[in-house]
Novice: 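Before anything else, here's the structure in question.
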Amino acid sequence: MRVTALGHAGLEVTLKKASLLVDPWLSPEGAFQASWFQYPENAHLARPETFQATAVVISHEHLDHVDTWTLSQIPSRIPVVIPRYPSPALRRKVLAGGHREVIEAAPWDPVEVAENTLVFFVPEESPMNHDAAIVIQGDGYTLLDMNDARLSPMQLRMIRTTVGGRIHLFALQTAGASWYPMCYEYPPERRKELASRKRLAKLGYAARAVRVVDPIVALPFAGPPCFLDPELFPHNAEMDEGIFPDQLQSAAWLGKRGFPNVIVLLPGDTWDIETQIKETSPESVAFSVPDRWPYLEAYASRRQDQIRCVLARYPEPADSLWIPFQTYFNRILSMSEYFNQKINMRVEFAIEGPGGGRWAVDFRPGKEGVYQEPGSCQYGYHFASRWLAAILDGRTPWEDFFLTLRFRAWREPDVYNDHLLGLLKFAHAAAFEAVERFEIGMTFVDRITVHAEGQTYHIQRHCPHARNDLLDTGEVLPGRIIRCLAHHYEFSLDTGKCVNGNCGPLFTERIDSDVREQPHHRAEPS
């Protein structure tokens with residue numbers, strides 16, 4: 001098995017009887033309305049031979065993983081294998097790149113894409129997140145590609161057991177895939193602090209995942225993107241101290257924490273799993289990460305025509321968008337009483353420019369409605385009217401728009417509302433029902449012991465957000481806070497209350513005074 005990096009999360013996996021393209025993203029227009037671009041540039045790999053494969057394997061619906069431009073270059077006889085999610089969004093995006101066979105695989109069910117070559121998917125446990133790891137087996141080797149998925153330690157151990165105990169290459173995301181905190185209206189120092197915390201939490205989760213998987217080799221990838229539109233260019237500073245560490249920074253961070261088996265593959269580089277030899281492409285030899293800013297400036301100069309072309313597809317509206325906005329959100333409000341109850345607030349949409357206005361959507365039970373006057377809101381989104389028409393007519397899903405970073409947001413109190421994003425991004429009854437069944441059906445019986453700042457607590461073992469095992473993913477912070485590294489929810493050990501999201505409470509019970517100071521996390525089964 002040979003694995004060639006195609007840039008970002010893209011891989012070409014070459015076996016004796018098959019060649020697979022995994023999450024290939026090669027579009028010269030980047031992704032998310034020309035806001036994200038591949039870093040480093042991978043245009044040199046967009047050649048005819050790259051697009052020949054036995055099959056394409058795609059993990060989830062984000063446009064840096066399911067790239068319709070790349071799919072349009074791949075012959076229609078080549079099938080695409082995807083996970084089966086409650087929502088049809090991924091299938092629709094695949095077919096937007098051209099008609100072809102789409103194989104939807106149920107969780108853990110192997111698909112034989114060629115003789116002695118198997119692919120199966122392991123999705124996140126919570127259906128609120130449509131992300132899945134990819135497992136590829138062939139030639140006696142196993143590749144675990146976790147891309148953007150955040151699997152629980154139990155899932156990772158189950159994968160190891162399923163494939164016979166050995167993962168030869170473990171590829172995992174170490175950069176963020178988010179608009180938080182960059183798009184929120186925080187003072188600069190607060191934004192910097194939050195970005196640094198998110199960066200460390202992401203890397204901390206990656207370190208624990210590598211420890212659980214115990215692969216022969218680990219590969220940090222799936223980011224970071226870079227931002228070449230002049231309006232967004234300052235976000236490239238996130239590579240240095242924010243949520244987008246580059247591949248070399250991630251590898252160095254893991255290396256300093258006792259993981260010597262980490263490699264970096266830049267676009268065009270190949271890792272031979274059998275010989276454990278890396279082949280470096282001429283382009284990556286010429287690429288120098290310390291020279292990031294001159295590199296990015298030159299890269300941006302080469303992409304301005306593509307950026308202007310994309311922006312031209314979103315002209316300012318000639319007419320008011322109020323009636324389409326009202327119609328759209330009246331439909332959304334009627335789709336899930338459960339989600340409305342979980343959101344339970346009034347949200348402002350400040351649409352700036354021709355056709356816009358300051359409108360509000362009230363999700364509070366008994367007060368549901370769409371209003372032309374914002375009134376008193378607890379959450380707000382501000383963005384240009386040129387983007388709204390494509391959201392309302394379904395061309396641009398909300399989550400794809402949020403990943404453009406072309407908006408501003410505020411919230412008071414400063415608490416993340418997962419169900420608001422879920423309602424906007426799904427807009428699909430089956431997806432809502434899957435989340436409701438999962439959340440209502442969660443049970444929390446097991447307990448673990450946690451020591452923090454001289455106190456000892458019994459707490460429930462599994463996070464109330466998505467049931468991640470806090471014995472493996474819990475991290476105690478100053479102030480007697482426990483953070484779940486999987487999705488970054490934080491809970492007070494004294495009260496159990498979630499302090500940074502609308503998640504339900506964590507069961508916690510203080511049992512005695514621990515005379516030994518515990519500045520770091522220590523948890524053990526009860």
Side-chain angles (χ1 to χ4, degrees), residues 5-10 25-44 62-65 67 148 173-203 206 220-253 264-267 283-284 286-308 310-311 383 400-409:
L6 298 178
H8 203 67
W25 174 36
L26 295 156
S27 171
E29 292 185 346
F32 305 114
Q33 295 161 336
S35 59
W36 289 36
F37 284 84
Q38 304 88 340
Y39 181 82
E41 186 175 11
N42 62 356
H44 59 287
H62 283 167
L63 298 174
D64 54 322
H65 295 256
D67 174 27
D148 293 8
Q173 182 198 59
T174 51
S178 177
W179 51 89
Y180 177 85
M182 297 87 69
C183 294
Y184 281 77
E185 295 179 347
Y186 294 117
E189 286 304 311
R190 176 62 173 162
R191 186 183 297 116
K192 182 178 178 180
E193 174 196 356
L194 291 169
S196 177
R197 286 172 55 184
K198 192 174 180 74
R199 178 190 187 104
L200 291 174
K202 183 71 176 180
L203 289 168
F221 81 145
C226 62
F227 306 93
L228 306 182
D229 185 325
E231 176 188 349
L232 303 173
F233 195 82
H235 289 312
N236 290 307
E238 291 290 318
M239 292 190 205
D240 293 317
E241 53 190 13
I243 74 168
F244 296 128
D246 67 37
Q247 304 92 323
L248 291 177
Q249 290 170 334
S250 297
W253 191 92
V264 172
L265 298 180
L266 298 180
E283 289 79 8
S284 64
F287 175 77
S288 174
V289 172
D291 294 331
R292 175 179 293 129
W293 290 103
Y295 176 88
L296 287 169
E297 289 166 358
Y299 189 4
S301 178
R302 293 193 297 273
R303 285 287 177 265
Q304 290 312 302
D305 286 345
Q306 284 88 352
I307 293 171
R308 283 191 288 268
V310 171
L311 296 181
F383 56 91
D400 288 353
F401 170 67
F402 289 144
L403 284 166
T404 70
L405 278 59
R406 299 182 186 277
F407 73 101
R408 303 187 312 279

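We number each residue from 1, following the sequence as shown. Note that these values count all heavy atoms, side chains included, but never hydrogens, waters or copies made by symmetry.
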Novice: Taking only residues two or more places apart in sequence or in another chain, which ones pass salt bridge (charged side-chain N to carboxylate O under 4.0 Å, His left out) with R191?
Specialist: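 By the salt bridge (charged side-chain N to carboxylate O under 4.0 Å, His left out) rule, R191 matches no residue at all.
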Novice: Can you check whether P181 reaches R190 side chain to side chain, under 4.5 Å on heavy atoms?
Specialist: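 Result no, sub-4.5 Å side-chain heavy-atom pair not found.
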Novice: When you measure from the side chain of S196 to the backbone of E193, do you find a donor-acceptor pair of N or O atoms at a distance under 3.5 Å?
Specialist: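 Absent.
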Novice: The criterion is side chain to side chain contact (heavy atoms under 4.5 Å, CB included); which residues satisfy it with L311, sequence neighbours excluded?
Specialist: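 Side chain to side chain contact (heavy atoms under 4.5 Å, CB included) list for L311, sorted by chain: D229, I307, R386, W387, R406.
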Novice: Not counting sequence neighbours, which residues clear side chain to side chain contact (heavy atoms under 4.5 Å, CB included) with A298? List them please.
Specialist: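 Listed in chain order: R302.
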Novice: Can you run down the salt bridge (Lys or Arg N to Asp or Glu O under 4.0 Å) pairs that involve residues 173-182, sequence neighbours left out, and say none if there aren't any?
Specialist: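 Passing the test, one end in residues 173-182: no pairs.
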Novice: Might you point out which heavy atoms bring G30 and F37 nearest each other, and give the distance in Å?
Specialist: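 So the two residues come closest at N-CE2, 3.5 Å.
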Novice: Roughly how far, to the nearest 0.5 Å, is CG of L266 from CG of L248?
Specialist: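 Reported value, rounded in 0.5 Å steps: 6.5 Å.
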Novice: With the side chain counted from C-beta on, respond yes when E238 and P245 share a heavy-atom pair under 4.5 Å apart, and no when they do not.
Specialist: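 A side-chain contact under 4.5 Å is absent here.
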Novice: Once side chain to side chain donor-acceptor pair (under 3.5 Å) is applied, do any residues pair with E283, and if so which ones, sequence neighbours excluded?
Specialist: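 With sequence neighbours excluded, E283 shows a side chain to side chain donor-acceptor pair (under 3.5 Å) to no residue whatsoever.
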Novice: According to ring pair (Phe, Tyr, Trp, His ring centres under 6.0 Å), who are the partners of F221, at least two apart in sequence or on a separate chain?
Specialist: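 Partners of F221 by the ring pair (Phe, Tyr, Trp, His ring centres under 6.0 Å) criterion come out as none, since no residue qualifies.
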Novice: Are D240 and Q249 side-chain neighbours, meaning at least one heavy-atom pair lies under 4.5 Å?
Specialist: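 SC-SC contact between D240 and Q249 confirmed.
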Novice: Can you name the residues that form a ring pair (Phe, Tyr, Trp, His ring centres under 6.0 Å) with F402, not counting sequence neighbours?
Specialist: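 In terms of ring pair (Phe, Tyr, Trp, His ring centres under 6.0 Å), with neighbours along the sequence ignored, F402 is linked to W179, Y381, W398, F407.
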Novice: Consider salt bridge (charged side-chain N to carboxylate O under 4.0 Å, His left out). Of E297, E41, E29, which one does R303 pass it with?
Specialist: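 It is E41, the one option of E297, E41, E29 that forms the salt bridge (charged side-chain N to carboxylate O under 4.0 Å, His left out) with R303.
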Novice: Are any non-hydrogen side-chain atoms of M182 and F244 less than 4.5 angstrom apart?
Specialist: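 M182 reaches F244 side chain to side chain.
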Novice: Taking side chain to side chain donor-acceptor pair (under 3.5 Å) as the test, write out the residues that go with S250, two or more places apart.
Specialist: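 By the side chain to side chain donor-acceptor pair (under 3.5 Å) rule, S250 matches T174.
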Novice: Does L405 reach the side chain of S35, with side-chain heavy atoms less than 4.5 Å apart?
Specialist: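 A side-chain contact under 4.5 Å is absent here.
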Novice: At what distance, to the nearest 0.5 angstrom, does CG of L403 lie from SG of C183?
Specialist: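 Nearest 0.5 Å value for the CG-SG distance: 9.5 Å.
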Novice: If I compare all heavy atoms of P224 with all of Q247, which pair ends up nearest, and what's the gap?
Specialist: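 Nearest heavy atoms, P224 then Q247: CD-OE1, 3.7 Å.
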Novice: I'd like to check the side chain to side chain donor-acceptor pair (under 3.5 Å) partners of N236; sequence neighbours left out, ordered by chain and number.
Specialist: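 Expected list: none.
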Novice: Considering all heavy atoms of both residues, which atom of A9 and which atom of H65 are nearest to each other, and what is their separation?
Specialist: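 Closest approach of A9 to H65: CB-CE1, 3.4 Å.
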Novice: For Q173, which residues count as a side chain to side chain donor-acceptor pair (under 3.5 Å) partner, sequence neighbours excluded?
Specialist: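 Here the qualifying residues are D148, K202.
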Novice: Using atom types as modelled and distance alone, determine if a side-chain donor or acceptor of Q33 lies under 3.5 Å from a backbone N or O of D400.
Specialist: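 Such a contact is absent between Q33 side chain and D400 backbone.
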Novice: Name all residues meeting the side chain to side chain contact (heavy atoms under 4.5 Å, CB included) criterion together with R408; count only those two or more places apart in sequence or in a different chain, and write none if there are none.
Specialist: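 Partners of R408 under the side chain to side chain contact (heavy atoms under 4.5 Å, CB included) test: E185, E352, H382.
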Novice: Do side-chain atoms of W36 reach the backbone of L63 as a donor and acceptor pair under 3.5 angstrom?
Specialist: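 Side chain of W36 to backbone of L63, a donor-acceptor pair under 3.5 Å: no, none is there.
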Novice: A quick test of your reading: do over 12 heavy atoms of other residues, nucleotides or ligands sit less than 6.0 Å from NZ of K192?
Specialist: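 No, NZ of K192 has 12 or fewer neighbouring heavy atoms, counting only those of other groups under 6.0 Å.
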Novice: By ring pair (Phe, Tyr, Trp, His ring centres under 6.0 Å), which residues pair with F287, not counting sequence neighbours?
Specialist: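 Testing F287 for ring pair (Phe, Tyr, Trp, His ring centres under 6.0 Å), a comparison that skips the adjacent residues, returns Y39, Y295.
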Novice: Can you check whether W25 reaches N42 side chain to side chain, under 4.5 Å on heavy atoms?
Specialist: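 In short, these two side chains do not touch, never coming nearer than 4.5 Å.
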Novice: Taking L228's backbone N and O only, do any of them form a donor-acceptor pair with Q304's side chain (distance below 3.5 Å, no angle check)?
Specialist: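 Checked: pair present.
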Novice: Does the side chain of F32 come within less than 4.5 Å of D64's, by heavy atoms?
Specialist: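 When only atoms from C-beta onward are counted, F32 and D64 do touch, with a gap below 4.5 Å.
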Novice: Taking the side chain as every heavy atom from C-beta outward, state whether L296 and F233 have any atom pair closer than 4.5 Å.
Specialist: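 When only atoms from C-beta onward are counted, F233 and L296 do touch, with a gap below 4.5 Å.
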Novice: Show the numbers, then the answer: is there a side-chain contact (heavy atoms from CB on, under 4.5 Å) between Q306 and S27?
Specialist: CA-CA 10 Å; Q306 284 88 352; S27 171; over 6 Å; no
